[in-house]
Student: 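Handing you this structure, nothing more for now.
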Amino acid sequence: MLQLQRMRRLAGANCLLRRHSATWRSSTKNASFSEVLQLEDKKLTGVVFPLQGLEKYLASNVNTASFRTFNPGLDDIHRAEALFKPSGRHTIDYFSSAVRMDHAPQLSQPEVCFVGRSNVGKSSLIKALFSLAPDVEVRVSKTPGHTKKMNFFKVGKYFTLVDMPGYGYRAPQDFADMVEAYLQERQNLKRTFLLVDSLVGFQKADHIAIEMLEEFGIPYVFVLTKIDKAPKGLLIKNVLEIQDFAEKHTQGCFPQLFPVSSIEYSGIHLLRCFIAHVTGNLPMMNS
Ligand code: GDP
């Protein structure tokens, strides 16, 4: 019953969504952490810890304690990067796709999945995370009407990253057939990354996804995309709104938001480190 209601509400929400034509400006500047370490301090903070980089714009009474819930050292971030760099014995590659849960590969290693509205910047983010493994092909099916798939990427023997279909055209059906079933059944799922566009903030469809994650008791975290594109005032408004929502109105959400720019690589290194952490591949001292 709840599933049906959700499908109907998603159908209503999604008729408002329109695809923009996608042009990916590829750049590798700051893709590698050794490059970022060359930046002067202020710039480095902005690229590595974008949330902390925003603190100077906030009123002094804003509580920013949760901005540092996940607060790894630069060494940890550097170590985590090794997971995302292929080498002789460590391969990173697209593994398979599935349109239904019974077609999903049986993989026992820890898994993380990425969900969000169509056009939120999900494929760009996955490309940025895998930018040190340029042979990894992030497949996208953007044509309205084409069946969307769950795409599985194997990061050596360490973890699997799953790109879930965006909630866009055909979303209610995709959600019922794939996303809900996946979230409910996947035993090795360690964290769901729910992407929100910094230019538009939470949308109705995002709240439906949040409601579902809360109902299933699945640990998740918000990622705020395209932060290079949002005017500062709008960015801060959306950051504070989402942080506040996560703290006050959720059970399963990690209290710290991860803002990212897939073009400038801001927040990408911290996100790689967080993925390493939640998949048990980087024991942290201070989180
Ligand atoms: P998806 O539908 O969620 O996979 O979204 P895409 O990754 O295809 O991105 C949708 C549009 O947003 C494309 O035009 C991208 O170039 C653009 N985009 C994605 N991420 C960023 C970003 O970090 N900064 C900027 N400026 N544009 C982005």
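Side chains included, hydrogens not; waters and symmetry mates left out as well; all remaining heavy atoms used. One-based numbering, in listed order, for ligands and for the atoms of each.
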Student: Below 3.5 Å, N or O to N or O, backbone or side chain included: is there any such pair between Val260 and ligand 1?
Tutor: no

Student: Would you say ligand 1 has an N or O under 3.5 Å from any N or O of Gly121?
Tutor: yes

Student: Once you round to the nearest 0.5 Å, how far does CD of Glu264 lie from CG of Asn30?
Tutor: 8.5 Å

Student: Which residues pass the side-chain contact (heavy atoms from CB on, under 4.5 Å) test with Tyr57, not counting sequence neighbours?
Tutor: Leu54, Lys232, Ile236

Student: Can you find a non-hydrogen atom of Asp228 under 4.0 Å from ligand 1?
Tutor: yes

Student: What atoms of ligand 1 come closer than 4.0 angstrom to any heavy atom of Ser261?
Tutor: 23 (O)

Student: Quick one: do the Ser66 and Gln256 side chains pair a donor with an acceptor below 3.5 Å?
Tutor: no

Student: Please say whether the positively charged group of Arg117, taken as NZ for Lys or CZ for Arg, lies over the ring of Tyr167, i.e. under 6.0 angstrom from the six-membered ring centre and within 45 degrees of the axis.
Tutor: no

Student: Atoms of ligand 1 less than 4.0 Å from Ile263 heavy atoms?
Tutor: 23 (O), 24 (N), 25 (C), 26 (N), 27 (N)

Student: Do the rings of Phe70 and Phe254 sit parallel, tilted or perpendicular, given the 30° and 60° boundaries?
Tutor: perpendicular

Student: Quick one: does Gly166 get within less than 4.0 Å of ligand 1, heavy atoms only?
Tutor: no

Student: Could you work out, for atom 28 (C) of ligand 1, the closest of Lys226, Arg117, Lys127 by heavy-atom distance?
Tutor: Lys226

Student: Name all residues meeting the salt bridge (Lys or Arg N to Asp or Glu O under 4.0 Å) criterion together with Glu214; count only those two or more places apart in sequence or in a different chain, and write none if there are none.
Tutor: none

